[in-house]
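Input: a single structure, listed below in structure tokens.
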Amino acid sequence: MTTVPVSLTDVRELVDGALRAAVGRLDPRTYRVAAYHLGWTDEEGRPRKTPAGKALRPALALLSARAGLAPPESALPGAVAVELTHAFSLLHDDIMDGDRTRRHRPAAWTVFGEASAILAGDALLALAVEVLLEAPGQGSARAARALTATTRRLITGQALDMDFETRRQISVDECLAMASDKTAALLACSCSIGAVLDGAPESLSDALDAFGADLGIAFQLVDDLLGIWGDPATTGKPALSDLRSRKMSLPIVAALNADRPEAALLAELYARPDLAEDDLEQVAALVEAAGGRAWAEMEAESRIQRAAEHLVSARLPEPVRAEFLHIADFVTRRDH
Ligand SMILES: CC(C)=CCC/C(C)=C/CC/C(C)=C/COP(=O)(O)OP(=O)(O)O
């Protein structure tokens, strides 16, 4: 398993208390679902030790405070808010996609029912905004506005993604635009929210945002690669899961649009409603043969390079720039 950067492990210790204090405000019924989804409890509400998720967004939020020379603690409300928003989006996404597994465990909706999981997601999103509005300092309202604008982009991206399910022809650019809203927007917000809370100039927060936008596309490309070729033991998702659910993910869309004979065969197979479990391996092979895998790998690398260039223009303190690059490296090399 690829190792998580040290900064990501430390993040849990810094953020966990504030995250628990925020979620602890929920009524007991909603809390039960949220605490399960966040990995704090099991189905029966008993505490568990393994944290859920990589804590990538809070790590970026804490780093972004240091970009403006503020202590990481000043970005705690931002770190909590982006993790809550991420948790909301996953809760709802699993219901919409009918995904039964999340982070190696049954998805919350399969344990508590769809209605309770929807409510818990709504509650986490409300808490995210609340936490930012309560943050001390001059950047609180600006940060809350940034997060609500980001949430609207998540919703736009999700709506586009749903729309793709009903369409046969999707261009690579359309798919990149969808990923930019659905995934990259929250990573971009995470990369700048600490600086925003600290009242940093827009030139700095914009550069950090631009870094996160490219990082976010690279993140989605790697996620899509793992959704086809990832090892279920590390991803926590069943093998070939994106193909089984006929996702129009980036490697697939790139393969379908390729000027190669395999693209036509792939389109024909992918449109079949009666595709058998045994055919999924063939679909994956066709995506690869049509160049979808190689394109996604190259595009992820090039996005990471572009992201690094934004950091140069942000003129960050060297240790902060190095940590951002460390996380960017983790994003491309991760296996889960
Ligand atoms: C409005 C709405 C429902 C939007 C849905 C948006 C959505 C679910 C986007 C997917 C983003 C993504 C690849 C998450 C995995 O993050 P991760 O690998 O960092 O997750 P982790 O926390 O488990 O590590």
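One-based numbering along the sequence shown. Every number for a ligand or one of its atoms is a count from 1 in the order of the listing.
The aromatic rings of Tyr36 and Phe112 sit perpendicular to each other, their planes meeting at more than 60°, with 30° as the lower class boundary.
Close contacts between ligand 1 and Gln220 involve ligand atoms 13 (C) [criterion: under 4.0 Å to a heavy atom]. Close contacts of ligand 1 with Phe219, meaning ligand atoms under 4.0 Å from a residue heavy atom, involve 13 (C), 16 (O), 17 (P), 18 (O), 19 (O). Taking a cut-off of under 4.0 Å to the non-hydrogen atoms of Arg57, the atoms of ligand 1 that pass are 14 (C), 16 (O), 17 (P), 19 (O). Atom numbering of ligand 1 starts at 1 in the shown order; those under 4.0 Å from a heavy atom of Gly53 are 21 (P), 22 (O), 23 (O), 24 (O).
The distance criterion of under 3.5 Å between nitrogen or oxygen atoms is not met by Thr183 with respect to ligand 1. At under 3.5 Å, a nitrogen or oxygen of Arg103, whether backbone or side chain, sits near a nitrogen or oxygen of ligand 1. Every N/O-N/O distance between Asp223 and ligand 1 stays at or above 3.5 Å.
Here atom 4 (C) of ligand 1 lies nearest to Gln158 when heavy atoms of Gln158, His104, Glu83 are compared.
Between Glu83 and Arg57 there is no salt bridge, since no side-chain N of the basic residue sits under 4.0 Å from a carboxylate O of the acidic one. Taking 4.0 Å as the cut-off between side-chain N and carboxylate O, Glu309 and Arg306 do not count as a salt-bridged pair.
Asn257 contributes a side-chain N or O that, together with a main-chain N or O of Val253, makes up a donor-acceptor pair within less than 3.5 Å. Judged by distance alone, the side chain of Arg293 and the main-chain N or O of Pro251 form no donor-acceptor pair under 3.5 Å. Using a distance-only test at 3.5 Å, with no hydrogens or angles considered, no donor-acceptor pair links the side chain of Ser116 to the main chain of Gly113.
Counting only heavy atoms of the protein, atom 7 (C) of ligand 1 lies nearest to Lys182 CG, 4.0 Å. Among protein heavy atoms, the minimum distance from atom 20 (O) of ligand 1 is reached at His86 NE2, 3.3 Å. Of the protein's heavy atoms, Ser89 O, 3.6 Å lies nearest to atom 3 (C) of ligand 1.
At a heavy-atom cutoff of 4.0 Å, ligand 1 is contacted by both the backbone and the side chain of Lys54.
Not a single heavy atom of His336 sits under 4.0 Å from any atom of ligand 1.
Note on residues 239-251: pairs passing side chain to side chain donor-acceptor pair (under 3.5 Å), not counting sequence neighbours, are Arg244-Glu277.
Cluster membership check: Ile217 shares its hydrophobic cluster with Ile228, using side-chain heavy-atom separations under 4.5 Å among Ile, Leu, Val, Met, Phe, Trp and Tyr.
A cation-pi contact, defined as under 6.0 Å to the ring centre and within 45° of the axis, links Arg334 to Phe219.
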